[in-house]
Amino acid sequence: VFLKRLFLTCAVAALFAASAHSADIERDVRTGRIGVNNGNGGYFEFGVDLNLRAFRERAFLNPGVVLAGAYRYRGLFFEALSPSAELPSGPFGGISLGYTLWRNDQWTVDFLGVNATSRLATGRENDIENSPDPARERAILERRTFYNGAGIRLTGYFGNTIFQYRLVTDTHGGNGITSSARLGYSRQVRNWNFHGVIKADFTSQETGQFWYGISEEEASERLEAFDVNSSTINYSAEIGATYPVRENVVYRSIMRYTELDDALARSPIQDSEFIYRWSNSISYVF
Amino acid sequence: MYSKTGLSNMKLVLNVLRFCFICHMGACNADNSSSSLSVKPNRCIALQQGQTCYSTLDFRWKTPTTGEYCLFDERQTKPLVCWTGNTMDSFRQKFKSDKNVNYEIRLKLGDQTLANALVKISWVYKSNTSSTSRWRLF
């Protein structure tokens, strides 16, 4: 509880800092440093990370690989989010392909053609070893959660503050819609770059069932059948810092707290209603 | 009447006197080959193109034993520091810029540059990656 309060306090403080420095934001806008991306080009990052995931009763410290990048050409774009920066509860990272439908100096409207996501991280993964029915539990915990969506993304740039709204529907298996509203802020302090993001993620009942539900056929002795009976809104807050170690090397530290809606948190595959994730990575930028 | 030899001796004496006078004014040290300037780090790295880069620079130099010299930041008319001869050979300065900056050792009296060193600004994410690379919400 203490960690939770501490984290939320930090996140809120980071966002209040945004309004406290609004004059700097305006100056940056005028100098063209911040705003809509009009250029062609991109980058690719490859690196390693050490991440800590903490649930109510357990925590995991794991090494990982960072693969991230973005490329833009005449409005077409590709974006790949590092696994280490992915929301541990599900579908909000992954790979995006899209096209910018409209933009001005402050807003962009993107069409998202593909928005693939990877496996859930629920905190129960390591339980399989002690399971009375490991094959059955592994089948549930490692089942496909591929969400191939299409939708719209609206992004607004206000100095150092970014607002983003996204609405995506699953086109692959008809597994419902997801939608999110996010507010982020970044600030340079000497050569460090700090950021904070707060998010509200809406998940339809169908999508929730797809990710967190357990059918009668799948159910095991410990992972009983479970239905997600409503749509949900999940909240998360993130703070982070990035430092340019060399011309092509960056260090990044990200802490994220996610609070799951009860309708998802009660799923037997989910360890607790909240997830902390702290990732530290070193990446080479091409 | 003076002989040709006497005339050339006179010219020689005058040249020596002129040299000594110029030396006294410090200009005889304007020999670029005997002066050097180095700076560490000579590259400052910020995250996003256009961002201001911050660093602390350590300058080291060699100048002739006589004469008065100053270290200049090309962006400023006022010298960062001045010294006489080789009484000083290093200097530490805080750095803040979003463009390459040239530093120069010049004669205190006169604009002649004896040595220079460049501090380059680099960015991890170049401008064409602007909003995508800074960090994204996704």
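Chain naming here is simple, since letters A, B, ... match the order of the sequence lines and numbering starts at 1 in each. Here the structure is a predicted model, which means the values were calculated and not measured.
- When every heavy atom of A:R190 is checked against every heavy atom of B:S55, the shortest pair comes out as NH2-N, 3.9 Å.
- Between the side chain of A:Q188 and the backbone N or O of B:T52 there is at least one donor-acceptor pair closer than 3.5 Å.
- Crowding of A:W278 atom CH2: a count of heavy atoms from other residues, nucleotides or ligands under 6.0 Å not exceeding 12.
- Within 6.0 Å of atom OH in B:Y54, more than 12 heavy atoms from other residues, nucleotides or ligands are found, so the atom counts as buried in its surroundings.
- You'll find the side chain of A:Y43 stays beyond 4.5 Å of the side chain of B:V124, heavy atoms only.
- Around atom CZ of B:R75, more than 12 heavy atoms belonging to other residues, nucleotides or ligands sit under 6.0 Å away.
- The backbone N or O of B:A46 sits nowhere less than 3.5 Å from a side-chain atom of A:N191 that would complete a donor-acceptor pair.
- Smallest separation of non-hydrogen atoms from A:N193 and B:L47: ND2-CB, 3.4 Å.
- Side chains of A:E45 and B:Y125: a donor on one and an acceptor on the other come within 3.5 Å.
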